[in-house]
S.K.: 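I'd like to ask some things about the structure below.
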Amino acid sequence: MVKEFNGFNLVAHNCLINANVDWGNVSEARRLFDEMPERNEVSWTVLISGLLRCGRVDEAMWYFGRNPFQNVFLWTATISGLVHNGLSYEAMGVFVKMLASGVAPNDVTFTSVVRACGDLGDFGLGKSVLVLIVKFGFEDKLSVSNSLVSFNLKLGNIDLARRIFNRMEERDVVSWTAILDMYVDTGDLIEARRIFDEMPERNEISWSVMISRYSQGGYSKEAVSLFHEMIQCGFIPNTSCYSSVISALASLKALQEGKNIHGHVLKIGMDRDIFIFCSLVDLYCKSGNTKDGRLVFDSILEKNVVCWNSMVTGYSLNGQLAEAKELFNQIPNKNNISWNSLITGYIETENFDRAFETFNEMILSGEQSNKSTFSSVLKACASLVSLEKGEYMHAKVVKLGFQNDVFMGTALVDMYAKTGHIESSRKVFNGMLIKNEIAWTAMIQGLAENGFAEESLSLFEEMERTSTITPNDLILLSVFFACSHCGLVDKGLFYFNSMEKVYGIKPSERHYTSVVDMLSRAGRISEAEMFITDMPFEPEVNAWAALLSGCKTYGNEKLAEKIAKKLSELAETKSGGYVLLSNIYASSGRWLDVSNIRKMMQEKGVKKSRGCSWIEVRNRIHLFLSQDDSHAQSSEIGEVLKLLNSEMVIL
DNA sequence: GTAGGGTTAG
């Protein structure tokens, strides 16, 4: 029996309110509700949950306070709505009031309440709720068990989550997806994939979990191929899948395929999803196309801070720092990622002064610097060889409690190594709780480049003995460098020969050059010559230079002449060739040849990067370029230099 | 009225 009043129908009216909320017409929904001569509990529930769904919390709570009805639906709708708006604390408050009012919670109430406990990260609270769940008899409800599994996963109680999962009599796609996410979270993507393949049922969310985690974990190719598989299996990808796969394509710089998906997304009308659009901005920018990235960015109607950051990063990555800075200034609600993006951009373009300036501004603005900030800024200290700044940053890292982070440790190891303080470097390295491949690389490389060849090699051997890490191309380069500098040629050759067979790494030009250097330094000139001619690709200019320097040390005039000729041919095509050749002539006192080459370079318009050095005095970097006296005190410095020269005694 | 998923920086 439908109740009629004033020619209106109460049930139909409630439906109309709901429909208006769904269409985003919240004001109309409110008007309809306010003008109703009579309302039942459904009217109140529909309006309040609708307002909460649209994020209009204050209005919703205003109505909630005036609602005359007592029923579990209304309480539950309000609790879940608050949780959805990130107001878990308030949600728990409503739950407590609900219990006090005498209305009994049901299974749906508990799923929301457990989620609130998870969002609050409060294990004790969760345990108290569990007591209530048992008291009301919902512990075996599938949805409640699922929420308990997720709660424990979120708080890191993996064993407990697993136990609840194993104890469940009934499992659905949600349970399986939660447990899949557990393996994904612990970084065991292989086990995660096994679970995924064996799941009795999959929906688009299970697919999206697997795809997004492949994408986030840097397994871009796997993400893309799983996406294709998903479509072949007849599933319709949701927005999450699209944003993840676009992000993976961005990492792969697969512009064409990304464009195809862009077109498809527009066609099916997913053109309002901010996640997809952030990834699209990233796609175009990572492929070097900031213009199109900007077009996509400008087309986003309601920009959030993430898409602003994507665009700033895009400009930064492509060296367009002026554009990056301009856009950065316009961000209405910057977060620390915005700052980090700009700082990284300055560092990548070697604008270290600007990087530090921006870092200081960041601190002054009250923005929290995080681990990423320091990992960038420490890199800048390393590039500037600025120990003073580096130590200052180290102190800040310790003060903020970041010192046990593997990224921090690695950045510090590298900074101390690059500034020549290998002892501090070792100290940081030894104190690191977790050492990954990059940390080992930094330390082995640091030792080798600071002349501690034996130590570098023994650390490499220690890594092989004590860790599961397999050497990468950079580590091997350092190993060759070390072998070369302590005359362990045969050892170096042994590792070179193991590269492909044992470690599965194809030697690059730089590895070959390193071996040429190793042989030349040891005086095994003919072997070096043979090696260079047998290389599978065109040798680097540096390889010839290494051989030439060996010839000179060991007095092989004939070969030296041949190489010099070869080098002058190469100089025609390779940009660094002229510079190298002129240096070689200079070192053997052939000044006429040197000046000829310089002339040739000028005529051909070849740019030589200028010689450059700097010192740090009282926390300021003083930069000096060759043939340039723009330093403010250059004339005084020149005078002092003259004085020092006159005082020098030639022995 | 419910539980599981997504975008940016190192």
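No hydrogens, no waters, no symmetry mates; every other heavy atom, side chains included, goes into these values. Lettering follows sequence order; numbering is per chain, from 1.
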S.K.: For Lys334(A) and dA9(B), what is the distance between atoms NZ and P respectively, to the nearest whole Å?
M.R.: 19 Å
S.K.: For Tyr219(A), is the OH atom crowded, meaning more than 12 foreign heavy atoms sit under 6.0 Å from it?
M.R.: no
S.K.: Roughly how many Å is it from CD in Glu348(A) to C1' in dA9(B), rounded to a whole number?
M.R.: 11 Å
S.K.: Starting from P on dG5(B), measure out to CH2 on Trp176(A) and report it in whole angstrom.
M.R.: 17 Å
S.K.: Measure distances between side-chain N and O atoms of Asp273(A) and base N and O atoms of dG6(B), and say whether any donor-acceptor pair falls under 3.5 Å.
M.R.: yes
S.K.: Measure the acute angle between the ring planes of Phe33(A) and Tyr63(A), then classify it against the limits of 30° and 60° as parallel, tilted or perpendicular.
M.R.: perpendicular
S.K.: Checking all strands, does Ser341(A) fall into the base, sugar-phosphate, or nothing category for heavy-atom contacts under 4.0 angstrom?
M.R.: sugar-phosphate
S.K.: Touch check for Val209(A), heavy atoms < 4.0 angstrom, all strands: base, sugar-phosphate only, or nothing?
M.R.: sugar-phosphate
S.K.: Ignoring hydrogens and angles, are the base of dG5(B) and the side chain of Ser212(A) linked by a donor-acceptor pair under 3.5 Å?
M.R.: no
S.K.: Among Phe227(A), Phe196(A), Trp176(A), which residue satisfies the ring-ring contact (aromatic ring centres under 6.0 Å, His included) criterion with Trp207(A)?
M.R.: Phe196(A)
S.K.: What is the separation between atom CH2 on Trp308(A) and atom C1' on dT8(B), rounded to the nearest whole Å?
M.R.: 14 Å
S.K.: At 4.0 Å (heavy atoms only), tell me whether Ser376(A) reaches a base, stays on the sugar-phosphate, or touches nothing.
M.R.: sugar-phosphate
S.K.: Look at the side chain of Asn370(A) and the base of dG10(B), then say whether one donor and one acceptor between them are separated by less than 3.5 Å.
M.R.: no
S.K.: Which whole-number value in Å describes the distance from Ile246(A) CD1 to dG6(B) P?
M.R.: 16 Å
S.K.: Distance check needed: dG5(B) C1' versus Tyr214(A) OH, whole Å only.
M.R.: 16 Å
S.K.: Can Arg171(A) be said to sit on top of Phe165(A)'s aromatic six-ring, NZ or CZ under 6.0 Å from centre and within 45° of the ring axis?
M.R.: yes
S.K.: Mind running a 4.0 Å heavy-atom check of residues 146-154 of chain A against DNA chain B and sending the residues that fall below it, in number order?
M.R.: Asn146(A), Ser150(A)
S.K.: Does dG1(B) have Phe73(A) stacked on its base, where the ring centres are within less than 5.5 Å and the planes differ by under 30°?
M.R.: no
S.K.: Give a yes or no on whether a donor-acceptor pair under 3.5 Å exists between the nucleobase atoms of dG1(B), that is its base, and the side chain of Asn106(A).
M.R.: yes
S.K.: If you measure from the Lys or Arg side-chain nitrogens to the Asp or Glu carboxylate oxygens, is any gap between Glu59(A) and Arg30(A) under 4.0 Å?
M.R.: yes
S.K.: If I take atom CZ from residue Phe297(A) and atom SG from residue Cys307(A), how far apart are they, to the nearest 0.5 angstrom?
M.R.: 5.5 Å
